[in-house]
Amino acid sequence: MSTTDVSTNDIVGAPVATTVEDVLSRFSGGNREDLIPILQAVQNSTGHLSRESVLAVARHLNLPPSKVYGVATFYNQFRFQPLGKYHIQVCRGTACHVKGSAAVLESLKRILKVEEGQTTKDKLFSLEVVACIGACGLAPVISINGEFHAGVAPDRVAGILNVYRRRAKNG
Amino acid sequence: MSTIEVNGRTVQADAGEMLLTVLRREGIYVPTLCHMEDMLPTGACRLCVVEVEGIPGLVPSCAFPVSEGQKIQTHSPRAVRARKTIIELLLANHPDDCLYCARNGECDLQDMSSELGVRQRRYSGAHWEPKLDLSSVSIVRDPAKCILCGRCVRVCEEVQSVAAIDFTGRGTDSRVAPAFGAGLNVSNCVDCGQCIRVCPTGALTEQSRFKNIFDAIHNPDKVVVVQHAPAVSVTIGEQFGLKTGTDAAGVLNATLRRLGFDYVFDTSFSADLTVLEEGSELLDRIKNGGTLPMFTSCCPAWVDFVELEYPDMIGHLSSCKSPQQMLGAVTKRWWSKKMGLEPEKIFMVSIMPCTAKKFEAQLPEMMHEGLVDVDAVITTRELARIIRLRGLDLANMTPVEADNPFGERSSSGKLFGASGGVMEAAVRTAHFMVTGKELKMPRLQAVRGLDGIKEAKIDVGGIEVGVAAVSGLANARKLVEDIKAGRKDIHFIEFMACPGGCINGGGQPIRADHDAVKARMQALYNIDKDAPVRYAHDNEYLKKLYDEFLGEPLSERSHELLHTTYGRRQAEY
């Protein structure tokens, strides 16, 4: 990725405060092949792809909004809801899968009442599924704003979430 | 020329030609769900696979160029088994509600599963019940019936350059939808209905409402008047076993009477009226330095396209309402008086080759003093359904004329049904208005036929007028861009959203290939060739309408009833 750096920010989920316009000004050529780098940079800056930003990208590249939205929804990396205060990444890599990450994910979905890519109504938690975060020795592992929780069993999920709820309450 | 062998027979083909084209020409039927005439193959559905000697896998014939000496088996057990499996997999999550489907009996998926002998559900896919998209006034999307062939996406993007819909998501979550999965009503859809025309299943259909029409027919207080568009009489017959390209106007009039309509009018009358109003407007603009080139405004999908995509070009649109609306207006305002009827009692139904007409009829600017011009719009296909519902045999009716005064028409009005027809009709009358003489050659060959952009220079009483007729919105976009870039040699342009014009409209009988569209077009040309009245300005009842009511073209009353305004429109996702 030459023009934008999506590697670290994307995983930690802490958006850099810039606007869509700032991002678009960095891609002044209006080239269609910039579509995916632009979408990545927008998400990187604002945390997600809002309707307004998708429409702005479409205008910038003179592409129909349906096309931009189609491309964006094709890739798992793009999300369409703002991140929660705490961004949960559930590893679904091979080792975590073998160690039962599917049940952990189900448990998270049930407790938070969201699907992957969504954010809870109170905007506290957002849920993302990732392929492998390279901590196979800790499987099954989840990461919340970059803090790793190792060997998570489905019945521990509620407890972990409560830690963050309390943290949010206490500012 | 190459020689290839198909199923043991020697066949001649041009080298590089796609195999599917050769097979079709040779009368060998290989099914396909994604192939579209005149468009690059995508090879998406894999139904057209065949065996080619020397190639280990099956190849899709739509995307396989022929070359000398190839040996092909189109219906080997392996090829047929593969096709059958594909259909069975498509059926795995397809609803089993054929009996209740608008496309029952006209569905490619249904036909193919029958042809391939599918007799049971062999695979059961994940069950899902997506919501119908009922948001548009003209088009209904049923994602459950979508097989993701991509035809609608391609026609919307490549033929119409609208791209209101596209593939979203991936894998088992793939759907065809507008941006943000929104409803069509808030998208940049222009309601042309070409997506319905190419859909192989019931995933895209027109918004169909008959009840208010039957209610009106059964209401003794209502006088129910029906009008049929110029392109309807040359296509409705296809749905009742008549040869493609048969003009069924007479039997259509008779059938409509039997359905219970009190009066049957011909929209070609108000097409004549449009010619006079629009022709006068053009001459007025040329004389008084108005905005040129003038764009026609009979096609509501085109008008919608300008309002959405080129709001800065709105000034080029003729202010004329479309013939559908004009006929509604003069029926309720003038004819009602002659008949001693209150305009509120008249229920105007129009039969259109078009889905965008449904959208047009309900626009607020089409309402005048609390009265709509047209109360209900149905497509040619819907009319066929109603006729069958009532057990009428259209083909065997005794032909009758439409009712006067609006049953009278010149063949100019009838030509509106084909791309170039509005232009031809307008040139005939404009020439007469300027010179007082008829054209020596009323037939304007340069704007006839199926080409997307047709241009001509015409001498009208010493003035050279540049005209063009465009069909398909991608072609329209091309010409509008030329004009924006400064092209100045054209004065008047006819735009039709559907390729070929209304004969190929989004409301027409589906499954019309190139030849069928040509035949429909020829039917209109034949009507014109033999017509006793070929000029809009010679329409006797039209003269009467002007004498008794409107005065002259562009009069104050004309403006009030027959002209409209436009405004910027925006997709509101």
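Residue numbers begin at 1 in each chain, while the letters A, B, ... track the order of the sequences. Note that these values count all heavy atoms, side chains included, but never hydrogens, waters or copies made by symmetry.
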Under 4.5 Å from any heavy atom of chain A - which part of B:F180
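For B:F180, heavy atoms of backbone and side chain both lie under 4.5 Å from chain A.
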Counting only non-hydrogen atoms closer than 4.5 Å, does B:A571 touch chain A with its backbone (N, CA, C, O), its side chain (CB onward), both, or neither?
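Contact with chain A involves no heavy atom of B:A571 at all.
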Heavy atoms of other groups near [X] [atom1], more than 12 under 6.0 Å:
| X | atom1 | answer |
| --- | --- | --- |
| B:D312 | CG | yes |
| B:R568 | CZ | no |
| B:K484 | NZ | yes |
| B:Q570 | CD | no |

Nearest 0.5 Å please: distance from the CD atom of B:E572 over to the CG atom of A:L55.
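Rounded to the nearest 0.5 Å, the CD-CG separation comes out at 11.5 Å.
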Nearest-0.5 Å distance, NZ of residue A:K67 to CZ of residue B:F167
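The NZ atom of A:K67 sits 9.0 Å away from the CZ atom of B:F167.
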Between A:N76 and B:R170, what is the shortest heavy-atom contact and its length?
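Between these two residues, the closest heavy atoms are N-NH2, 3.9 Å.
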B:V162 to A:P64 - nearest heavy-atom pair and separation
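The answer is O-CB, 4.4 Å.
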Could you walk me through whether B:D166 and A:Y69 pass the side chain to side chain contact (heavy atoms under 4.5 Å, CB included) test, one step at a time?
CA-CA 8 Å; B:D166 203 345; A:Y69 182 76; over 6 Å; no
Under 3.5 Å donor-acceptor, A:S66 side chain and B:A163 backbone:
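The answer is yes, because a donor-acceptor pair under 3.5 Å joins these two groups.
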